[in-house]
Number of protein chains: 2
Amino acid sequence: MADPDARFEALLAKFRERDHRITPQRLALLRLLAASEGHPSASQIHEQLHAQFPTMSLATVYKTLNLLKEMGEILELGFGDDDNRYDANEPFPHPHLICIRCHKIIDPEVPEYRALAHEVAATSGFRVVSHRLDFYGICPDCQRLEAG
Amino acid sequence: MADPDARFEALLAKFRERDHRITPQRLALLRLLAASEGHPSASQIHEQLHAQFPTMSLATVYKTLNLLKEMGEILELGFGDDDNRYDANEPFPHPHLICIRCHKIIDPEVPEYRALAHEVAATSGFRVVSHRLDFYGICPDCQRLEAG
DNA sequence: GTGCTTGCAAACAGTTTGCAGATAG
DNA sequence: CTATCTGCAAACTGTTTGCAAGCAC
């Protein structure tokens with residue numbers, strides 16, 4: 001995706017814009033999110049930040065993530081069983097491909113998926129405002145391990 | 001969907017087949033699931049059964065639902081925030097249309113959705129085994145209430 | 001200085017589990 | 001009779017909240 005530094009600056013600008021205070025904890029969290037390629041969970045984020053800030057609490061991670069969610073700057077992926085995952089690089093609904101073995105999440109290219117939402121709206125009378133398109137399977141790496 | 005009685009008999013047959021005991025509580029639960037048009041939650045199921053069985057506990061509802069899930073006879077829809085919903089009529093992944101106002105869930109006709117899974121599998125190298133296609137919006141009834 | 005933010009601990013909600021007594025087969 | 005099932009209550013997990021102390025501005 002785009003330049004991590006640019007994304008970090010954009011997130012920071014949004015914080016200032018809305019008069020949210022810039023604390024060292026928040027700076028570190030924004031930097032981490034902007035740089036992350038994957039879809040980290042709250043506790044994974046907490047774990048990493050705890051290395052830099054030994055007093056960093058999970059509650060602060062959640063509070064900041066919720067702030068970002070309200071601001072529309074991150075996408076929260078909730079799962080029934082597993083913990084939530086966060087995507088700060090594409091904070092709008094898009095398809096996901098989830099490995100049921102290693103829990104890796106990737107963003108596949110599915111150009112036609114937008115057409116589906118339109119069709120569903122047209123035939124059902126719903127005003128569709130969001131969606132969730134998740135495909136579950138076994139990623140190439142885990143297939144290799146199984147075969148080996 | 002199909003005949004509720006037929007579905008009830010089919011579920012019952014599966015129970016016998018696997019040597020699971022047929023208790024009055026389970027009978028009532030199977031009957032309710034087979035007859036339900038919607039996507040009830042565990043506590044909605046419990047509420048209804050409690051009328052017939054004043055001692056019926058939520059734990060028993062969950063235990064029986066989990067049994068059915070293992071047997072592949074119901075589809076469990078987990079949501080991060082709201083409670084799980086269960087569908088015993090189409091126990092395989094299929095698209096859902098969820099009203100964010102009244103929490104109604106319906107099964108839209110989306111004939112092309114299967115093609116998506118194939119394409120995702122082909123371009124990503126994943127072996128896709130399941131999926132979750134949910135569209136969130138406002139149902140015609142709730143749109144009418146808003147407009148009124 | 002003001003009041004937002006932090007971090008701890010307790011609360012929360014839905015689901016699961018342990019166990020003693022009840023019951024289907 | 002015996003193993004499974006029930007129902008209560010307690011445990012569990014991820015997330016949220018209340019509050020006193022700390023810090024950004």
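These numbers come from the heavy atoms of this one structure, side chains and all, not from hydrogens, waters or symmetry mates. Everything quoted here is computed from the prediction, not taken from an experiment. By convention in this document, chain letters (A, B, ...) are assigned in the order of the sequence lines, proteins followed by strands, and residues within each chain are numbered from 1.
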* Assign B/N84 to base, sugar-phosphate, or nothing according to its heavy-atom contacts below 4.0 angstrom with the strands shown. => sugar-phosphate
* To do: Could you tell me whether A/T60 contacts a base, only the sugar-phosphate backbone, or nothing, with contacts defined as non-hydrogen atoms closer than 4.0 Å?
  => base
* To do: Evaluate the side-chain hydrogen bond (donor to acceptor under 3.5 Å, both in side chains) criterion for residues B/N66 and B/K63: first the C-alpha distance (whole Å), next the side-chain angles of each, then the deciding distance (0.1 Å), finally the verdict.
  => CA-CA 5 Å; B/N66 281 334; B/K63 281 169 187 166; over 6 Å; no
* B/A59 vs B/H20, nearer the 5' end of DNA chain C by closest nucleotide -> B/A59
* Parallel, tilted or perpendicular, as decided by the 30° and 60° cut-offs, for the rings of B/H39 and B/H94 -> tilted
* Asked: Are the side chains of A/Y86 and A/S41 in touch, meaning some heavy atoms are under 4.5 Å apart?
  -> no
* **Position toward the 5' end of DNA chain C (nearest nucleotide), B/L58 or A/T23** => A/T23
* Asked: A/F79 ring centre to A/R132 NZ or CZ under 6.0 Å, with the angle to the axis within 45°?
  -> yes
* To do: Using heavy atoms to find the nearest nucleotide of DNA chain D for A/D83 and A/P24 separately, return the residue whose nucleotide is more 5′.
  => A/D83
* Specify the residues of residues 40-54 of chain A, ordered by number, for which at least one heavy atom lies under 4.0 angstrom from an atom of DNA chain C. => none
* side-chain hydrogen bond (donor to acceptor under 3.5 Å, both in side chains) involving B/D83 - partner list, sequence neighbours excluded -> none
* Within a strict 4.5 Å, meaning less than it, do heavy atoms of the A/L133 and A/V110 side chains meet? -> no
* Look at all strands and tell whether B/N66 reaches a base, only sugar-phosphate, or nothing, counting heavy atoms closer than 4.0 Å. => sugar-phosphate
* Does A/E70 come within less than 4.0 Å of A/R18, counting only side-chain N to carboxylate O? -> no
* Asked: Between residues 28-36 of chain A and DNA chain C, which residues have a heavy-atom gap below 4.0 Å?
  -> none
